[in-house]
Structure formats: structure tokens, C-alpha cells
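Everything on this sheet refers to the single structure shown next.
No experiment lies behind these values; they were computed from the predicted model shown. Reckoned from all heavy atoms, side chains included, excluding hydrogens, waters and symmetry mates.
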Amino acid sequence: MTADPTAEVTEVFEEHRAVLLGVAYRMLGRVADAEDVVQEAWLRWSAADRAQVREPRGYLVRVTTRLAIDRLRQAQSRREAYVGTWLPEPLVTDFEATVAHSQQEGAERAVLAESVSLAVLVVLESLSPLERAVFVLREAFGFPYAEIARTLERSESAVRQLAGRARRHVAERKPRFEVDPGLQRDLTERFLKAALEGDLQGLVSVLAPDVRLVSDSGGGAKAPRRVILGADKVGRFLAAVAQEGVRDPAFDVHLLELNGGPGALATHGGRPDAVFSVDVADGLIQAIYLIRNPGKLTHLQGVGE
């Protein structure tokens with residue numbers, strides 16, 4: 001019996017789909033855009049002369065990266081007119097379950113989890129599309145410089161220069177992270193409990209004195225358009241918001257892993273209403289990201305049920 005060539009083409013693509021989605025999401029910061037790019041990569045793969053493809057993974061990553069660069073260039077011009085602060089679209093992950101699998105794999109998973117964090121994705125927004133592509137391929141996925149150079153059709157020396165600039169830029173702006181997922185989760189649970197109980201002192205006790213609350217509504221929901229700074233101001237805002245929700249029987253909160261770290265999804269009548277994600281370091285919450293843009297939450301329908 002001869003093998004079904006269509007099935008083989010699909011099998012090879014599905015084998016690499018997770019990596020392609022990982023690259024596209026880190027490049028674009030939006031789940032829907034990443035899925036669109038991967039779908040376009042599939043169309044090109046299915047139509048390609050595979051006799052000329054020596055290494056499918058490299059070919060697919062090249063196609064996906066180039067498509068993502070094109071889409072990112074288009075998106076950056078649109079984001080200049082965005083209402084309020086733009087934050088990446090939240091992504092449900094499951095890194096905690098695998099980080100401790102083995103020492104070597106755990107280190108690799110920790111790098112992947114950090115590279116998909118909202119804080120790092122926000123920093124990546126300030127890179128050029130080429131710098132971002134090099135950083136994602138090199139730092140998150142460990143691709144050799146020579147392969148990245150082929151992907152971007154640049155010299156290896158040029159790619160190394162792009163990598164150096166991107167690495168320095170991210171290092172200067174990237175916040176510190178608590179690497180123990182158990183400590184992250186414990187602090188997040190205490191934070192949510194204090195908020196839902198309206199315990200201002202309990203909230204302030206888990207917040208760094210200079211904590212930042214950054215929100216993104218895109219003009220489609222009620223949320224602060226400016227960053228709120230300081231433990232007291234952030235605590236009072238969150239306590240008031242949480243208490244308003246607690247009084248509404250249609251309101252519910254689900255704790256889950258978002259972008260490689262602890263987070264929470266608030267639903268109203270079963271529909272996603274808001275996402276909270278936190279940065280933890282030195283035993284305190286250093287930053288809180290609140291996403292209420294309805295267009296960035298639709299893919300979370302049914303999550304946590």
C-alpha cells in the first residue's frame with residue numbers, strides 16, 4: 001500500500017506547528033494574527049515543491065518568520081493610532097507543568113516561558129521587525145546564527161549585530177522575574193484573595209512600593225488609560241474594581257497560567273471580561289497587566305470552565 005502524500009504533508013506540518021505558532025506569537029503579540037500567519041505558512045507548504053526542501057523545519061520557520069515580519073510592519077502603523085496603552089494578547093500556557101521535568105529541559109522551558117511573558121513582549125514592541133525576529137529565533141528557540149541569516153536573507157555578521165542590539169535593548173528594559181513558579185502562584189493567590197475580599201492592607205502587603213498597573217482596553221471597555229503607580233493607589237483601584245464584581249452574581253474569577261506565569265481570567269455571565277497577569281520579583285508583585293479589550297479576549301471563551 002502506498003503512503004498517502006497528502007497525509008504525509010499534513011503530518012510533517014503538524015509536527016512543527018507548535019514551534020511555528022510560538023515564533024509567530026512572539027513576533028506579533030496576538031494569537032489570532034499568529035494563527036493567520038501559520039495558516040498562510042501551511043498554504044505555502046502544501047503548494048511547495050517539497051523535492052527542493054531539504055529540511056522541512058527550517059523551511060517552515062523561514063516562511064513563518066518572513067510572513068510575521070510583513071504583518072508586524074503593517075501592525076506597527078496601526079498601533080500608532082491605538083486608544084490607550086497597547087498590550088499583547090494574553091496566551092494560555094502550560095509551562096509550569098513541564099519546567100521541572102528535568103534540569104536541562106527545565107532551563108529550556110524557563111527561557112521559553114520568560115520569552116512569552118507580557119513584560120518581555122512589551123519590550124519587544126520597541127524593537128525593529130528584523131531585531132525582533134533575530135531575538136525570537138536566537139534567544140527563545142536557539143536557532144544558529146547561520147540559519148537565522150538564511151531566514152532573513154542577511155549576512156551572518158549582520159545578524160550577529162542585530163542580535164547584539166536586540167539583546168542589549170531587552171536586557172536594559174526587561175524587568176526581573178521570580179523563577180520559582182510555586183512562589184509566583186502563591187503570591188498571585190494571596191493577591192486575588194485580598195482583592196476579592198476588599199482587603200486593602202492585604203493587597204498592599206503583596207505589592208511592591210513602586211508597583212505599576214498597566215491596562216489595555218483599546219477604547220472598547222472601561223479601564224484606566226494611564227499607568228497607575230504605587231502600592232496604595234494600585235491597591236485602592238483593584239479593591240474597588242473587585243468589590244464591584246463580587247456584588248454581581250454573574251461575575252467569576254479563574255486562576256490560570258498566562259504567558260508563562262500566574263494570571264487570572266474574570267468572566268461575566270460566562271464571557272471573558274478581563275485578564276490579570278503579574279510580574280513577581282523579591283517576593284512582591286512588581287507589575288500588574290490588566291487587559292479588557294474585548295477583541296483580545298474572545299479566544300479565552302470557555303477557558304477555566
Side-chain angles (χ1 to χ4, degrees), residues 21-40 64-93 115-136 140 166 169-170 172-175 211-229 233-234 237-238 241 258-261 263-268 271-279 286-301 303:
L21 278 170
V23 170
Y25 175 75
R26 287 166 176 81
M27 283 290 297
L28 298 166
R30 288 205 57 145
V31 175
D33 287 350
E35 290 174 342
D36 286 348
V37 162
V38 171
Q39 178 61 24
E40 179 63 25
T64 299
T65 302
R66 291 172 185 174
L67 289 169
I69 288 173
D70 290 343
R71 185 170 286 237
L72 181 60
R73 285 171 173 155
Q74 298 168 7
Q76 285 180 332
S77 62
R78 293 196 302 270
R79 288 172 192 173
E80 292 176 1
Y82 194 79
V83 178
T85 302
W86 187 94
L87 289 174
E89 194 171 283
L91 177 70
V92 178
T93 55
S115 71
V116 83
S117 71
L118 289 178
V120 168
L121 290 176
V122 168
V123 174
L124 294 187
E125 281 294 304
S126 58
L127 299 178
S128 73
L130 284 178
E131 287 173 339
R132 187 164 182 166
V134 171
F135 184 88
V136 168
H169 183 92
V170 173
E172 290 169 358
R173 292 163 176 79
K174 182 184 70 175
V211 64
R212 300 178 300 118
L213 186 143
V214 185
S215 59
D216 174 354
S217 70
K222 185 178 179 181
R225 293 190 181 181
R226 295 184 179 180
V227 176
I228 300 177
L229 296 172
K233 289 182 179 179
V234 170
F237 170 79
L238 291 173
V241 170
L258 292 167
N259 294 79
L265 169 65
T267 60
H268 187 269
R271 294 189 303 275
D273 182 76
V275 155
F276 287 90
S277 180
V278 301
D279 289 343
Q286 306 291 330
I288 302 165
Y289 303 96
L290 167 62
I291 300 174
R292 293 208 66 208
N293 183 336
K296 295 184 178 182
L297 303 177
T298 54
H299 67 288
L300 298 177
Q301 182 69 44
V303 173

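- I69 and P129 get closest at one heavy-atom pair: CG2-CB, 4.0 Å.
- D279 CG to Y289 OH: the interatomic distance, rounded to the nearest 0.5 Å, is 4.0 Å.
- When every heavy atom of W86 is checked against every heavy atom of L28, the shortest pair comes out as CH2-O, 4.0 Å.
- Note that CZ of R132 is 6.0 Å distant from CG of L121, once rounded to the nearest 0.5 Å.
- The shortest side-chain heavy-atom distance between L290 and V241 does not fall under the 4.5 Å cut-off.
- The two residues V37 and A24 make their nearest non-hydrogen contact at CG1-CB, 4.2 Å.
- Remark: side-chain polar atoms of H299 are paired, donor with acceptor, to backbone N or O of P90 under 3.5 angstrom.
- To the nearest 0.5 Å, atoms CG (L21) and CZ (R26) are separated by 10.5 Å.
- Scanning all heavy atoms of the two residues, the minimum distance from P88 to Y25 falls at CB-OH, 4.3 Å.
- Looking at heavy atoms from C-beta onward, V92 lies out of side-chain contact with L265 at the 4.5 angstrom threshold.
- For the residue pair R173 / S126, no side-chain donor-acceptor distance below 3.5 Å is found, with atom types taken as modelled.
- Under a 3.5 Å cut-off, the side chain of N259 and the backbone N or O of V116 do form a donor-acceptor pair.
- By the side-chain hydrogen bond (donor to acceptor under 3.5 Å, both in side chains) test, R30 is found to be paired with E89, residues two or more places apart in sequence or in another chain being considered.
- K233 has its side chain out of reach of V211: every pair of non-hydrogen atoms, C-beta onward, lies at least 4.5 Å apart.
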Evaluate side chain to side chain contact (heavy atoms under 4.5 Å, CB included) for L118 paired with V214, printing each intermediate quantity in order.
-> CA-CA 11 Å; L118 289 178; V214 185; over 6 Å; no
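- Of all non-hydrogen atoms in T65 and A133, the two that sit nearest each other are CG2-CB, 3.9 Å.
- Remark: E35 pairs with no residue by the side-chain hydrogen bond (donor to acceptor under 3.5 Å, both in side chains) rule, at least two apart or across chains.
- Between the CG atom of N293 and the OG1 atom of T298 there is a distance of 9.0 Å, given to the nearest 0.5 Å.
- Applying the salt bridge (Lys or Arg N to Asp or Glu O under 4.0 Å) test to every pair with at least one member in residues 211-227, sequence neighbours left out, gives these pairs: D216-K296.
- Closest approach of P294 and G220 over heavy atoms only: CG-O, 3.7 Å.
- The shortest distance between side-chain heavy atoms of V170 and L127 falls below 4.5 Å.
- D273 contributes atom CG, which lies 11.5 Å from atom CG of L300 (distance to the nearest 0.5 angstrom).
- The structure places CG of L67 at 12.0 Å from CG of D33, a figure rounded to the nearest 0.5 Å.
- Residues F135 and V123 are not in side-chain contact: their nearest non-hydrogen atoms beyond the backbone lie 4.5 Å or more apart.
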